[in-house]
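Step one of this worksheet: look at the structure below.
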Amino acid sequence: MADNDELLDFAAVQTPTMSSFEYPLEFTFKIGTIANDFVAKDATGKTVAYVKQKMFKLKEAVSVYNDESKSKVLFKINADRWLDYNASYNFFVGETEDTIGRVGRRGRKSFWKATYEIFDKEQDHQYSISEENPWAKVWDSLLGEIPVVSMFTGYLANPRYAVKGLDEEVILRFKKKPSFFGRRFTLEKVGEVSQEESERIILGLMMMSLLERRRG
């Protein structure tokens, strides 16, 4: 019979996690499908995750798979309430009820400049995500009303977000890349962050990108 240490080691090995990856990451949204989904790949072109949002749900529900085969659920992201601007989105490991943190908008601040906060599993605030160029959304909305020009807003209006620690130092930068359908985003490493903390931040950015993409 295995001792306690062996059981703990086995459990650690079995815990779903994103494979090791190299920055920058690129999120590419699929087009021409009903589902709101995208693929995350690293600098080597390796698939890190496939993200799929369940459609027609009163409470936001997102599954993060190992790849497009959807053979393994790495994480789930679920809203804590029905269609609410102030909802929090909890991160769960695989198919379990074990939470590793959450992300949520920072109240009224997000009406003008998108601002989100990421918390760990103990509900301690760890990181903030803030939009660096909120005017990009304004121009996107204005240009979107102009015939012909509206077709190219994916090249002209590209929001950019900074991920900061409690010391206000930028550690990651997330931005939309110019593209015809506005479907590609990159995540670049600026400061130091561990693989474990990267996962929690990336989950927060995955949920944020789904929410903010609706806003323009």
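We use all heavy atoms of the structure for the numbers below, so side chains are in, but hydrogens, waters and symmetry mates are not.
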(request) Starting at CZ of Phe75, measure out to CD1 of Ile202 and round the result to the nearest 0.5 Å. (result) 9.0 Å

All N/O donor-acceptor pairs, side-chain side in residues 165-172, below 3.5 Å, sequence neighbours left out:
| from | atom 1 | to | atom 2 | distance (Å) |
| --- | --- | --- | --- | --- |
| Asp167 | OD1 | Glu169 | N | 3.0 |

(message) Quick check: do Glu197 and Gln126 have side-chain heavy atoms less than 4.5 Å from each other?
(response) yes

(request) Identify the heavy atoms of Glu117 and Ser128 that sit nearest to each other, and give their distance. (result) CG-OG, 4.2 Å

(request) Using the rule that two of Ile, Leu, Val, Met, Phe, Trp, Tyr join whenever any of their side-chain heavy atoms come within less than 4.5 Å, decide whether Phe21 and Val64 are in one cluster. (result) yes

(message) Are the side chains of Met208 and Tyr89 in contact, using a 4.5 Å heavy-atom criterion?
(response) no

(message) Can you list everything that forms a side chain to side chain donor-acceptor pair (under 3.5 Å) with Lys76? Sequence neighbours excluded, please.
(response) Glu95

(request) Tell me, please, which residues at least two apart from Phe38 pass side chain to side chain contact (heavy atoms under 4.5 Å, CB included). (result) Phe27, Phe29, Val51, Met206, Ser209, Leu210

(request) Mind checking side chain to side chain contact (heavy atoms under 4.5 Å, CB included) for Glu192 and listing every partner two or more places apart, or none if nothing turns up? (result) Lys189

(message) For residues Ile129 and Phe119: do they belong to one hydrophobic cluster (side chain heavy atoms under 4.5 Å, members Ile, Leu, Val, Met, Phe, Trp, Tyr)?
(response) no

(message) Any non-hydrogen side-chain atom of Gln53 less than 4.5 Å from a side-chain atom of Leu211?
(response) no

(request) Consider only side-chain heavy atoms of I, L, V, M, F, W and Y, link residues closer than 4.5 Å, and tell whether Ile201 and Tyr23 are in one cluster. (result) yes

(request) Might you point out which heavy atoms bring Ser71 and Asp67 nearest each other, and give the distance in Å? (result) OG-OD1, 4.3 Å

(request) Indicate yes or no: does Glu26 engage Lys41 in a salt bridge with an N to O separation below 4.0 Å. (result) no

(request) Go through the steps for Leu187 and Leu205 under the test side chain to side chain contact (heavy atoms under 4.5 Å, CB included), then give the verdict. (result) CA-CA 9 Å; Leu187 178 61; Leu205 289 168; 3.5 Å; yes

(message) Is a donor from one side chain sitting under 3.5 angstrom from an acceptor on the other, for Glu131 and Tyr116?
(response) no

(message) Looking at every heavy atom in both Gln195 and Ser20, which two are closest together, and how far apart are they?
(response) NE2-CA, 3.9 Å

(message) With a 4.5 Å cut-off on side-chain heavy atoms, are Val48 and Leu25 touching?
(response) yes

(request) Examine distances only and state if a side-chain atom of Thr47 and a backbone atom of Ala49 form a donor-acceptor pair shorter than 3.5 Å. (result) no

(message) Among Arg105, Arg102, Gln123, which residue satisfies the side chain to side chain donor-acceptor pair (under 3.5 Å) criterion with Ser88?
(response) Arg102

(message) Suppose we screen for side chain to side chain contact (heavy atoms under 4.5 Å, CB included). Which residues come up paired with Lys52, at least two apart in sequence or across chains?
(response) Ala35, Asp37, Tyr50, Tyr65, Lys70

(message) Are the side chains of Leu74 and Met18 in contact, using a 4.5 Å heavy-atom criterion?
(response) yes

(message) Measuring centre to centre across the rings, with the benzene-like ring taken for any Trp, is Phe185 within less than 6.0 Å of Phe174?
(response) yes

(request) Take Arg184 and Thr28, measure what side chain to side chain donor-acceptor pair (under 3.5 Å) needs, and give me the verdict at the end. (result) CA-CA 5 Å; Arg184 297 171 63 195; Thr28 303; 4.6 Å; no

(request) Determine, stepwise, if the pair Phe91 / Lys121 fulfils side chain to side chain contact (heavy atoms under 4.5 Å, CB included). (result) CA-CA 9 Å; Phe91 311 142; Lys121 63 181 180 180; over 6 Å; no

(request) Considering non-hydrogen atoms only, spot the tightest contact between Gly101 and Arg200 and give its length. (result) CA-NE, 4.3 Å

(message) For Lys46, give me all partners under salt bridge (Lys or Arg N to Asp or Glu O under 4.0 Å), at least two apart in sequence or on another chain.
(response) none

(request) Check the hydrophobic clustering (I, L, V, M, F, W, Y; side-chain heavy atoms under 4.5 Å; chains of links allowed) and say if Val62 and Phe92 are grouped together. (result) no

(message) Assess whether a salt bridge exists between Arg173 and Glu132, defined as any Lys/Arg side-chain N lying under 4.0 Å from an Asp/Glu carboxylate O.
(response) yes

